*Asks:* 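Quick one: the structure is below, questions incoming.
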Amino acid sequence: MHVRPDPVSTADTGHANLGVVPTADWADHAAGLLSDRLAAKPDLVVCLPTGSTPVPLYARLSELDPAVGSATVVLLDEYLGLPAGHPARCDSMLGGALVDRLSRPPRFVTFAVDSADPEAACRRYDADIAVLGGLDLVVLGLGANGHVGMNEPGSLPDSPTRVVELAASTREAAAGYGADPVPTHGVTLGMAGILAAREIWLLATGIGKAAILRETLDGPVTGDVPATFLRGHPGLRVIVDEAATAELG
Ligand code: PGA
């Protein structure tokens, strides 16, 4: 049986929805939480990110290989300009890290950027989510510039699913995944769609996220740091390792 490490008490941090886990236990903890959610709701509709933060979580979850029942995984965002099957595509990355590694893969909703123009792909994506009855859970990696999904600085709480221009740091990350040519644009679940989910889990790990985690939790709510909009959501849970909390008061 899987024994999940308990997060340390959050009482010291003054953030009721913050779970702080020793770095060595973070992936185990987060994978256990997600596995529990899948067990509790076999038809869970969960939107999942790519990026480096969830990689160890997905590795652990793949090992646990939970029964996914009739769950649906929805891809959070996608680059534009990369061909289908490119390893740096978000659909390829999430497929390879998790979806395709499960013994009974869940339904996987992605952006139809190969068969439709990008705006039409966004509308189709929103329609797919609506047919599923909306998102039960959105899992997000906290971007170093405060973005969530590809909702870059300048996004607003009502920003829809849309085509976005990628920030310089997001392009650099794409280049780091081997994206060639480096994408300049992407499509993303909008802030409005994120905030419409019943539950939101925000992930951050490592000292490199300490400053932006402080801004996200304690700074002014602003479009300069789109992740700050999450603070108004009643179902927000912040799941971080100890290193990421280095700058919290
Ligand atoms: P990371 O990025 O998980 O690669 O750190 C998160 C993000 O930028 O969305």
Side-chain angles (χ1 to χ4, degrees), residues 21 23 26-27 29-31 33-34 46-61 73-80 82 87-98 110-111 135 137-155 159 161-179 182-191 193-195 197 200-217 223-230 236-247:
V21 188
T23 298
W26 182 85
H29 176 74
L33 290 176
L34 202 44
V46 56
C47 185
L48 295 178
T50 52
S52 58
T53 305
V55 168
L57 184 174
Y58 295 152
R60 185 70 189 116
L61 192 60
V73 168
V74 177
L75 182 65
L76 176 64
D77 49 20
E78 184 59 273
Y79 299 121
L80 293 177
L82 297 177
R89 282 254 300 236
C90 298
D91 52 4
S92 300
M93 289 197 282
L94 186 56
L98 180 67
T110 60
F111 288 89
L135 297 170
L137 169 63
V138 179
V139 180
L140 302 166
L142 176 60
N145 68 352
H147 75 192
V148 282
M150 291 176 184
N151 291 280
E152 301 284 17
S155 298
S159 293
T161 299
R162 68 203 184 285
V163 176
V164 289
E165 184 171 1
L166 302 179
S169 57
T170 308
R171 297 182 196 192
E172 279 166 30
Y177 298 129
V182 177
T184 58
H185 290 76
V187 285
T188 186
L189 176 67
M191 281 309 307
I194 291 170
L195 294 170
I200 300 171
W201 294 358
L202 179 65
L203 313 178
T205 54
I207 187 78
K209 294 291 171 66
I212 194 64
L213 184 67
R214 173 176 42 77
E215 279 191 63
T216 297
L217 298 183
D224 294 342
V225 182
T228 59
F229 295 133
L230 306 176
L236 175 66
R237 183 167 187 165
V238 185
I239 304 164
V240 305
D241 74 345
E242 276 173 344
T245 66
E247 295 203 19

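A quick note: this is a predicted structure, and the numbers were derived from the prediction, not measured. Each ligand, and each atom within it, is numbered from 1 in the order the structure gives.
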*Asks:* If only atom types and distance count, is the side chain of Glu78 paired as donor or acceptor with the main-chain N or O of Asp91 below 3.5 Å?
*Replies:* yes
*Asks:* Decide yes or no on side-chain contact (heavy atoms from CB on, under 4.5 Å) for Val138 and Leu195, but give the supporting numbers first.
*Replies:* CA-CA 9 Å; Val138 179; Leu195 294 170; over 6 Å; no
*Asks:* Do Thr188 and Phe111 make a side-chain contact, defined as non-hydrogen atoms from C-beta onward lying under 4.5 Å apart?
*Replies:* no
*Asks:* Near ligand 1, which protein residues have a heavy atom under 4.0 Å away?
*Replies:* Gly51, Ser52, Thr53, Gly141, Leu142, Gly143, His147, Tyr177, Lys209
*Asks:* So Thr50 and Arg89, do their side chains get closer than 4.5 Å, heavy atoms only?
*Replies:* no
*Asks:* Restricting to ring pair (Phe, Tyr, Trp, His ring centres under 6.0 Å), what partner residues turn up for Tyr79, sequence neighbours left out?
*Replies:* none
*Asks:* Side-chain donor-acceptor pair under 3.5 Å between Asp241 and Thr205, yes or no?
*Replies:* no
